[in-house]
Protein chains: 2
Amino acid sequence: MVDDERANRIFRALADTTRRDIVRRTLTAEASISELAGEYDMSFAAVQKHVAVLEAAELVARTPRGRERIIRGNPETIRHARELLGAFEQLWRARIDRLDAFLAEPDPN
Amino acid sequence: MVDDERANRIFRALADTTRRDIVRRTLTAEASISELAGEYDMSFAAVQKHVAVLEAAELVARTPRGRERIIRGNPETIRHARELLGAFEQLWRARIDRLDAFLAEPDPN
DNA sequence: CATTTGTGCAACCATTTGGTTGTACGTTAC
DNA sequence: GTAACGTACAACCAAATGGTTGCACAAATG
């Protein structure tokens with residue numbers, strides 16, 4: 001339930017081109033919000049909101065430095081998301097394994 | 001641009017607890033829409049819409065069988081999503097590598 | 001044939017999302 | 001001290017989302 005909400009926030013945050021780009025940039029090099037805002041064709045406030053969504057999902061961390069806020073991508077959360085998907089693939093593999101076992105089963109007749 | 005739209009659809013589709021559960025179930029064992037609808041406390045039409053979102057993201061395939069539609073989870077798309085996240089992690093690793101190289105660099109003075 | 005079952009789809013509604021502008025406020029720079 | 005910069009936040013708006021009910025229709029069942 002709690003974990004579900006977290007997964008919802010993470011995937012929701014990743015479901016936007018601008019936000020994925022912000023994560024990419026800040027994973028490569030930290031940046032202030034206004035630096036980020038300069039990269040996109042939208043208002044400062046809009047970029048600020050995208051950063052807030054990413055921060056709520058813990059995909060990004062925001063730390064003050066003087067009058068600006070430095071944004072850094074958080075590889076931990078990316079990793080967590082990847083593990084969630086890995087668990088899905090595992091379910092599928094388990095199904096294949098059951099199917100294989102069934103096909104290998106000797107015919108009882 | 002086209003690829004971005006696809007990523008948007010995939011992550012958006014995964015950003016909902018019910019939809020992730022449908023993917024889990026149909027990855028484990030195929031099911032009809034009404035079978036799925038029976039599992040959740042919402043209308044048939046609501047579940048139908050969730051399946052449509054998943055199908056548009058190619059997280060699920062819908063094939064007719066008699067009067068019912070059989071839903072199967074699509075492991076290929078899960079894998080694709082995981083690879084997208086893997087690319088993000090790779091960016092981060094590249095940054096660490098650059099940092100290591102910088103620290104290892106002999107002081108020119 | 002009549003009924004039930006499974007699906008598709010439209011219309012509607014409340015809430016959320018993604019954008020805008022405007023204002024306020026702390027921090028640097030002159 | 002004043003001006004410029006970086007941020008925060010509120011109010012507003014259009015569009016998308018996630019749900020509902022109702023109706024139509026094709027396939028299985030009596």
B:Arg9/B:Glu58 ion pair, N-O < 4.0 Å: no
Separation of A:Ile10 CD1 from A:Glu5 CD (nearest 0.5 Å): 11.5 Å
Contacts of A:Glu30 that satisfy side chain to side chain donor-acceptor pair (under 3.5 Å) - sequence neighbours left out: A:Arg65, A:Arg72
Boundaries of the DNA chain C segment in contact with chain A, non-hydrogen, under 4.0 Å: C:dT17 to C:dT28
Pairwise distance CZ(B:Phe88) to OG1(A:Thr28) - rounded to 0.5 angstrom: 9.5 Å
Members of residues 65-74 of chain A that approach DNA chain C, where some heavy atom sits under 4.0 Å away: A:Gly66, A:Arg67
Crowding at CD, B:Glu76 (>12 non-hydrogen neighbours, <6.0 Å): no
Outermost nucleotides of DNA chain D that come under 4.0 Å of a non-hydrogen atom of chain B: D:dT17 to D:dA28
Within residues 12-47 of chain A, residues whose heavy atoms come under 4.0 Å of DNA chain C: A:Arg12, A:Arg19, A:Met42, A:Ser43, A:Ala45, A:Ala46
Side chain to side chain donor-acceptor pair (under 3.5 Å) partners of A:Thr17, counting only residues at least two apart: B:Asn8
Spatial distance of atom CZ (A:Phe11) from atom CG (A:Leu59) [nearest 0.5 Å]: 10.0 Å
Hydrophobic cluster identity match, B:Val47 and B:Ile71, side-chain contacts under 4.5 Å: yes
Hydrophobic cluster membership, A:Ile70 vs A:Leu54, 4.5 Å side-chain cutoff: no
B:Arg79 with B:Glu83: basic N within carboxylate O range, under 4.0 Å: yes
Nearest-0.5 Å distance that lies between atom CZ in A:Arg98 and atom CG in A:Leu103: 12.5 Å
Path from B:Met42 to B:Val60 over hydrophobic side-chain contacts below 4.5 Å: yes
